[in-house]
Every structure is written in C-alpha cells, then in structure tokens.
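Here the structure is a predicted model, which is why all the values come from computation and not from measurement. Heavy atoms only: backbone and side chains are in, while hydrogens, waters and symmetry mates are out.
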Amino acid sequence: MIPEPGVVPSALAEPTVRVRPGWTAAVVLANVGVFAAWLGPIQVLLAKQSESVAPGNKEFVFGLVTGVGAAVSVFANPAFGAISDRTTSRFGRRVPWVVAGAVGGAVGLGILAGAHLIVLMLLGWCLMQLFGNALLAAATAVVPDRVPVAQRGGVGGWVAISQVLGALVGTALAAAFDSYALGYAACAVFLLLSVVPYLLRSHDVQLVERPTFVLRDFLRGFWISPRRYPDFGWAWLTRFLFNVGNALGTLYLFYYLQDEVGVDDPDTGVLILTAIYSVCVLTTAITCGRWSDRSERRKVFVTASGWVMAVAGVVLAVWPTWPGAIVGAIILGMGFGVYLAVDFALLTQVLPSAQDRAKDLGVINIANSLPQVLAPAIAAPIVKHLGGYPVLYLLASAVTVLAGVLVTRIRSVN
C-alpha cells in the first residue's frame with residue numbers, strides 16, 4: 001500500500017525487520033496488565049461484590065454490570081483505535097493511548113473499590129472498560145505495525161497468552177485479599193506498572209500529518225463490507241462465535257464452583273483452575289504459534305482448537321466435580337492456547353487497510369466484547385430455569401465447534 005502524502009512511510013508500510021524479544025516482552029506485559037485489570041474483577045471481585053451488594057439477586061447484578069461494561073467496550077475499542085490511527089503526537093500513534101488507558105482504568109478500579117451501590121459499580125466498571133479498551137486498541141495494533149508476517153505466529157502466541165496470564169495475575173491479586181476493595185487496588189497498581197517497560201522501549205513511529213478525518217467515513221468504517229472484504233467478515237464471525245462459547249463457559253465459573261460443584265472456597269478454586277488453564281495455554285500457544293509460522297498454515301489449527309474446546313465443555317457439563325473441573329481446565333487451556341495464538345496471526349493477515357490497523361482490529365475486538373453483553377442474557381436464564389450448568393456448557397461446546405467449522409470459509413489464508 002502506498003502511504004498518503006505527508007505521512008512517514010514506515011508508519012504505514014508492512015514491517016520487514018524482525019522485532020527483538022525485549023520489545024515483545026514489553027508489549028506482552030502491557031497486555032497482561034489490562035487483562036489482569038479486567039479478568040481479576042470478572043473472575044472474582046465483581047462476583048463477590050455483587051453478592052455483597054445484592055445477596056438475593058447476585059446473578060442479575062453481576063450480569064448487569066458486566067453486560068453494560070461490555071456494551072461500552074463494543075464502541076470504545078474501535079473508536080479509540082480509529083483515534084489512535086490518526087494521532088500525530090511526537091511520541092507516536094500508540095503511546096499516548098497506552099498512558100491514558102492505564103491511568104483512566106486505574107481510576108475506574110478505584111471507584112469500584114469504594115462502591116457499595118449498583119450505580120457506582122456500573123460507573124467504575126464502565127470507566128475501566130472505556131479506558132482499558134483505549135489501551136488495548138493501541139497495544140494490539142503495534143503487532144501489525146511492527147512485526148513481519150513471518151514472525152507473527154510466534155509473537156502473536158506471546159501476545160495472545162497475555163489474556164491468560166492476565167487472568168492468572170488478576171485472579172491471584174483478587175484472591176490474595178479478603179476485601180474486594182484491596183483486590184481492586186492491587187489490580188490498579190499492577191495496571192499502572194505494567195505499561196512502564198513498553199513506554200520506555202516502544203519505538204513508536206510518528207505520523208507527520210494526520211490523515212483527513214471525515215465523520216461519515218469514520219462512522220461507516222465501523223461496518224466493513226463482508227462483500228468487499230469477505231475474509232475479514234468470516235474472521236470477525238468466527239472470532240465472535242469462539243468468544244460467545246468462551247464467555248458462556250467462563251462467565252459463571254465462580255458460581256459454578258460454589259453452587260454446582262460445591263467447592264467450599266470458590267476464590268481459591270478459581271485461582272487453581274486459572275493457574276492450570278494458564279500453563280496449558282502457555283504451552284500450546286507458543287508451540288503451535290511457531291509451528292503455524294513454519295508450516296505457513298493457520299486455519300487447520302483454529303478449526304482443531306474449536307473441537308478441543310468443545311470437549312472441555314462436555315466434561316464440565318457431565319462431570320460437575322472438582323476432578324472434572326480440573327480435567328476441563330486442562331483441555332480448555334490446550335484448545336484455547338492454539339486458538340489465541342494462531343487466530344490472532346490469521347486476523348492480522350486479513351486486515352483491509354494498513355492506515356486503519358487499530359480501527360480495524362477494534363472492529364475485530366467487537367467480536368471479543370459483544371459476547372460479554374450477550375452471554376449474561378443467555379446464561380442467566382439457562383442457569384436458573386432452563387437446565388442449569390450442564391445445558392450451559394453443552395451450548396458453549398456447540399458454539400465453538402461451529403466457529404471452528406466456519407473458519408474454513410476464509411480463502412486468502414492457508
């Protein structure tokens with residue numbers, strides 16, 4: 001792609017120089033920070049806080065807060081991505097939004113720490129989602145900005161597992177304190193510290209001149225035509241389905257352990273399962289990401305991951321015991337690790353425009369966020385009235401299988 005006049009060519013050109021491990025580590029840590037700030041609350045803190053604020057209606061309050069927050073993220077990620085693409089700061093396009101995202105997210109967590117009303121929970125969580133997505137949009141776009149295609153499976157594997165490492169760190173911070181307020185404070189501090197290495201070695205490239213902004217084109221850009229870019233459309237749909245299945249399977253894990261399995265200490269139970277799951281994700285993400293680079297194939301790995309994740313859902317549905325939960329976590333981690341690493345590399349190869357990388361990845365990230373809006377509306381009635389957790393996990397399995405099958409419709413990537 002030929003860059004527009006007035007734009008530094010290296011800001012938009014396809015990268016050709018391999019990135020160093022230190023740069024990758026800094027990007028991964030920034031991603032770990034934002035996911036810890038999200039998943040610590042989702043896995044433990046918001047569930048405990050909902051039970052404290054509304055003990056007789058905890059599922060509804062938890063679903064309301066997470067659902068509204070996810071609705072904010074649906075719009076925040078592509079919007080901040082588009083703004084990031086047009087930022088002409090001397091520090092680069094991405095750095096200012098990494099800083100703003102970390103600071104704003106920490107403020108949101110601070111509000112949550114002192115919230116004893118549902119409205120304050122909503123305010124704090126929506127701020128965390130808003131600014132966390134500003135950070136994530138920028139931190140995700142640096143991969144196609146800087147990493148050559150031939151290196152994206154390996155680097156993508158490391159970046160992808162940041163979600164899982166973030167879940168592990170966030171859950172550990174949340175479970176380390178009896179008070180959810182201290183848990184939120186710990187997540188906020190970690191979020192702020194996590195972005196420092198990236199800020200010191202980002203090497204972000206500055207845009208000399210901001211691309212022309214037309215509001216109509218900007219709003220239209222949130223809808224990327226499946227007819228014009230069919231592979232992008234299929235990539236979006238399959239990611240959406242994978243995340244619906246994952247959200248259905250993990251959103252109520254705390255309550256699953258507490259109410260279905262009968263674990264006496266669900267905080268510790270979630271932490272143990274997250275640790276097991278994280279080790280399995282780490283192993284398969286790095287191994288299969290590099291294998292995918294060497295073989296120059298993506299789709300077969302993503303399809304296989306859908307079937308493996310489906311097996312985990314079946315195990316959790318038919319074997320609601322602590323050993324069953326451990327086996328389910330192992331299988332789910334193995335499948336999700338492959339999916340996270342390889343699907344991310346696949347996505348970067350079907351982006352419509354180098355100029356709009358962050359915005360287009362933001363549109364993709366709607367497929368991550370929208371399921372968090374839909375999952376509570378689907379899961380809550382199933383858990384309470386339509387068959388309980390077995391039905392919920394079988395549905396999650398069916399959705400991930402469908403996602404794995406549909407990824408074969410992508411034509412431009414092997």
Side-chain angles (χ1 to χ4, degrees), residues 26-50 65-66 68-73 75-77 79-81 83-84 87 89 91-92 94-142 162-163 165-202 204 362 365 368-369 372:
V27 173
V28 170
L29 182 59
N31 279 271
V32 169
V34 71
F35 279 113
W38 274 332
L39 297 175
I42 288 176
Q43 297 277 51
V44 176
L45 298 175
L46 285 172
K48 292 173 66 175
Q49 191 172 18
S50 298
V65 174
T66 55
V68 173
V72 171
S73 71
F75 298 100
N77 201 288
F80 278 112
I83 296 169
S84 173
T87 296
S89 164
F91 299 106
R94 315 304 181 193
V95 165
W97 300 106
V98 170
V99 174
V103 173
V107 171
L109 292 171
I111 293 173
L112 281 165
H116 300 289
L117 299 172
I118 296 174
V119 66
L120 290 178
M121 290 178 64
L122 283 167
L123 174 62
W125 188 238
C126 286
L127 284 175
M128 179 59 229
Q129 287 283 14
L130 180 69
F131 287 101
N133 274 282
L135 194 165
L136 185 65
T140 302
V142 300
S162 63
Q163 179 175 341
L165 294 176
L168 179 60
V169 172
T171 304
L173 291 173
F177 303 96
D178 293 332
S179 165
Y180 61 74
L182 292 176
Y184 283 125
C187 288
V189 170
F190 182 77
L191 172 61
L192 292 170
L193 294 177
S194 71
V195 302
V196 173
Y198 175 74
L199 299 178
L200 295 176
R201 61 189 312 161
S202 69
D204 205 354
N365 277 322
N368 298 336
S369 305
Q372 301 298 325

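The shortest non-hydrogen separation linking Thr87 to Pro96 is CG2-CG, 4.2 Å. The shortest non-hydrogen separation linking Ala138 to Val98 is CB-CG2, 4.0 Å. Leu120 approaches Ala115 most closely through the heavy-atom pair CB-CB, 3.6 Å. Between Gly108 and Leu127, the closest heavy-atom pair is CA-CB, 3.9 Å. Taking all atoms of both residues into account, the shortest heavy-atom contact from Asn31 to Ala139 is ND2-CB, 3.8 Å. Of all heavy-atom pairs spanning Leu29 and Pro197, the tightest one is CD2-CG, 3.6 Å.
Phe91 is not listed as a side-chain neighbour of Val99, based on a closest heavy-atom distance of 4.5 Å or more. Side-chain atoms of Tyr198 and Val95, non-hydrogen and from C-beta on, do get closer than 4.5 Å to each other. Between Ser194 and Val32, the closest side-chain pair of non-hydrogen atoms is not below 4.5 Å. By the 4.5 Å heavy-atom criterion applied to side chains, Leu46 and Leu112 are counted as neighbours. Taking 4.5 Å as the limit, every side-chain heavy atom of Val34 sits out of range of all side-chain heavy atoms of Ser162. Inter-residue side-chain proximity for Trp38 and Asn133 is flagged as met; some heavy-atom pair is nearer than 4.5 Å. Two residues are said to be in side-chain contact when any heavy atoms from C-beta on lie closer than 4.5 Å; Val169 and Phe35 fail this criterion. Here the side chains of Leu130 and Phe80 are in contact, with some heavy-atom distance below 4.5 Å.
With values rounded to the nearest 0.5 angstrom, Leu45 atom CG is found 10.0 Å from Met121 atom CE. Remark: Leu39 CG to Leu173 CG distance equals 12.0 Å, nearest 0.5 Å. Atom CG of residue Leu135 and atom OG1 of residue Thr140 lie 9.0 Å apart, to the nearest 0.5 angstrom. For the atom pair CZ of Arg94 and OG of Ser89, the computed distance is 12.0 Å after rounding to the nearest 0.5 Å.
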Under 3.5 Å, sequence neighbours excluded: what are the donor-acceptor pairs made by side chains of residues 176-188?
{"residue": "Ser179", "atom": "OG", "partner": "Ala181", "partner atom": "N", "Å": "3.2"}
{"residue": "Tyr184", "atom": "OH", "partner": "Gln49", "partner atom": "OE1", "Å": "2.6"}

